Amino acid sequence: MKVYVVDNGSQWTHREWRVLRYLKVETKIVPNTTPFDEISDADGLVLSGGAPGGACDASAMGNNGVYLDRADIPILGVCAGMQFLCQHFGGELGPGTVPEFGPVELKVSGHGDLFKGLPDSFQVWASHNDEVKRIPEGFEVTASSSTCPHEAVRCIDRPIFGVQFHPEVENTEHGVEIFQNFLEIVESRRS
């Protein structure tokens with residue numbers, strides 16, 4: 001199984017790669033300017049976080065839109081990766097009512113997919129000023145917090161997922177399990 005991490009400039013992109021390596025997945029970090037044809041052998045993609053406000057700047061997000069349009073594989077967007085994919089599919093971004101930096105109590109409303117087998121609430125690590133203000137049509141919210149109504153989303157018709165928080169950092173409880181659940185989705189879609 002190959003799952004590539006698309007580097008959008010996050011300070012924690014390397015940690016996403018490290019978690020995937022720990023889970024024995026063939027992985028590499030690829031610049032977000034990589035042509036789609038050069039990553040078309042991937043079984044899954046992780047769209048990393050990025051610089052503050054990066055998701056609002058299409059040029060800073062490189063070919064993420066092309067990957068979302070052309071890749072028929074599971075995709076997980078993390079922080080700016082989630083923001084970008086929501087905006088790409090017609091959602092709206094904006095400044096968070098309360099910017100989240102540090103521990104956040106996550107409230108899970110959708111226990112399938114990424115949150116399969118996980119508790120109704122647990123602590124995650126967030127680091128963002130902006131957030132998804134309106135999710136795209138065809139998506140549903142799977143987790144929220146007291147300060148952010150859209151902490152996690154999933155596309156109803158495609159295996160596309162987004163988390164506003166950072167499952168790759170040690171401060172997030174059940175972060176490895178979230179990646180394991182994503183990899184189970186990837187494995188189930190392999191032909």
Side-chain angles (χ1 to χ4, degrees), residues 3-25 27-30 32 44-56 60-61 64 74-86 93-133 135 141-154 160-186:
V3 178
Y4 298 158
V5 178
V6 177
D7 185 6
N8 292 311
S10 170
Q11 61 182 330
W12 292 320
T13 300
H14 195 266
R15 287 180 184 255
E16 294 159 356
W17 171 85
R18 188 184 307 166
V19 171
L20 292 170
R21 291 279 300 211
Y22 170 76
L23 293 171
K24 310 288 190 232
V25 175
T27 184
K28 64 182 176 181
I29 297 172
V30 297
N32 66 12
L45 292 176
V46 175
L47 308 181
S48 84
C56 298
M61 298 302 285
N64 279 270
I75 297 174
L76 171 61
V78 176
C79 199
M82 170 180 152
Q83 292 171 9
F84 179 84
L85 74 84
C86 284
L93 307 181
T97 307
V98 178
E100 294 181 325
F101 292 95
V104 170
E105 189 71 19
L106 189 75
K107 297 171 187 144
V108 177
S109 55
H111 281 283
D113 304 318
L114 295 183
F115 301 111
K116 185 178 75 173
L118 300 185
D120 292 339
S121 66
F122 55 93
Q123 206 165 73
V124 299
W125 192 262
S127 179
H128 64 97
N129 280 312
D130 297 326
E131 66 185 24
V132 176
K133 303 304 260 184
I135 66 170
V141 176
T142 56
S144 60
S145 71
S146 61
T147 51
C148 179
H150 309 125
E151 289 283 0
V153 298
R154 68 178 282 271
I160 297 176
F161 309 90
V163 293
Q164 181 60 74
F165 58 92
H166 289 273
E168 70 274 19
V169 301
E170 291 177 7
N171 308 69
T172 292
E173 295 177 339
H174 305 292
V176 172
E177 290 96 323
I178 291 170
F179 276 100
Q180 285 174 320
N181 284 338
F182 178 66
L183 294 178
E184 284 183 20
I185 295 163
V186 172

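Worth knowing before you read on, the calculation uses all heavy atoms, side chains too, and leaves out hydrogens, waters and symmetry mates. Positions are given from 1, in the same order as the sequence printed here. Everything numeric in this text was worked out from a predicted model, so none of it was measured.
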field: Partner residues of His150 under the ring pair (Phe, Tyr, Trp, His ring centres under 6.0 Å) criterion, sequence neighbours left out
entry: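 Checked His150 against ring pair (Phe, Tyr, Trp, His ring centres under 6.0 Å); zero matches.
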Thr142 and Leu114: CA distance, side-chain angles, deciding distance, side-chain contact (heavy atoms from CB on, under 4.5 Å) verdict: CA-CA 9 Å; Thr142 56; Leu114 295 183; 6.0 Å; no
Could you tell me whether the side chain of [Y] reaches within less than 4.5 Å of the side chain of [X], counting heavy atoms only?
X      : Y      : value
Cys79  : Phe165 : no
Ile75  : Phe161 : no
His174 : Pro119 : yes
Val30  : Asp7   : no
Phe122 : Val108 : yes
Phe179 : Leu20  : yes

- request: Determine, stepwise, if the pair Val46 / Phe182 fulfils side-chain contact (heavy atoms from CB on, under 4.5 Å).
  value: CA-CA 10 Å; Val46 175; Phe182 178 66; 4.2 Å; yes
- request: Examine distances only and state if a side-chain atom of Asn8 and a backbone atom of Asn32 form a donor-acceptor pair shorter than 3.5 Å.
  value: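 Here the side-chain-to-backbone pair does not exist.
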- prompt: Hey, is the main chain of Tyr4 close enough, under 3.5 Å, to the side chain of Thr27 for a donor-acceptor pair?
  reply: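 Not a single qualifying donor-acceptor pair exists.
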query: salt bridge (charged side-chain N to carboxylate O under 4.0 Å, His left out): which pairs involve residues 165-185, sequence neighbours left out?
result: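 Of all non-adjacent pairs touching residues 165-185, those that pass salt bridge (charged side-chain N to carboxylate O under 4.0 Å, His left out) are Lys116-Glu184.
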Can you name the closest pair of heavy atoms from [X] and [Y] and give their distance?
X      : Y      : result
Ser145 : Glu151 : OG-OE2, 2.9 Å
Ala126 : Val104 : CB-CG2, 3.8 Å
Val5   : Ser48  : CG1-CB, 4.4 Å
Cys86  : Val153 : SG-CG2, 3.9 Å
Cys148 : Gln164 : SG-CG, 4.4 Å
Pro167 : Val78  : CD-CG1, 4.0 Å

- request: May I ask you to say whether Glu131 pairs ionically with Lys133, meaning some side-chain N is under 4.0 Å from a carboxylate O?
  value: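 The answer is yes: the pair qualifies as a salt bridge.
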[X] side, atom [atom1]; [Y] side, atom [atom2] - distance, nearest 0.5 Å:
X      : Y      : atom1 : atom2 : answer
Leu106 : Leu118 : CG    : CG    : 9.5 Å
Leu85  : Met61  : CG    : CE    : 8.5 Å
Thr172 : Gln123 : OG1   : CD    : 8.5 Å

message: Go through it in stages, so that I can follow the logic: the residues are Leu45 and Leu76, the test is side-chain contact (heavy atoms from CB on, under 4.5 Å), and I'd like the CA-CA distance, side-chain angles, deciding distance and then a yes or no.
response: CA-CA 6 Å; Leu45 292 176; Leu76 171 61; over 6 Å; no
- request: Assess whether side-chain contact (heavy atoms from CB on, under 4.5 Å) is satisfied between Val176 and Leu23, documenting all intermediate values.
  value: CA-CA 8 Å; Val176 172; Leu23 293 171; 3.9 Å; yes
message: For His166 and Trp12, take the angle between the two ring planes, folded into 0 to 90°, and tell me which bin it lands in: parallel under 30, tilted 30 to 60, perpendicular over 60.
response: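 His166 vs Trp12 ring planes: perpendicular.
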field: For Asp113, salt bridge (charged side-chain N to carboxylate O under 4.0 Å, His left out) partners two or more places apart
entry: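 Arg154.
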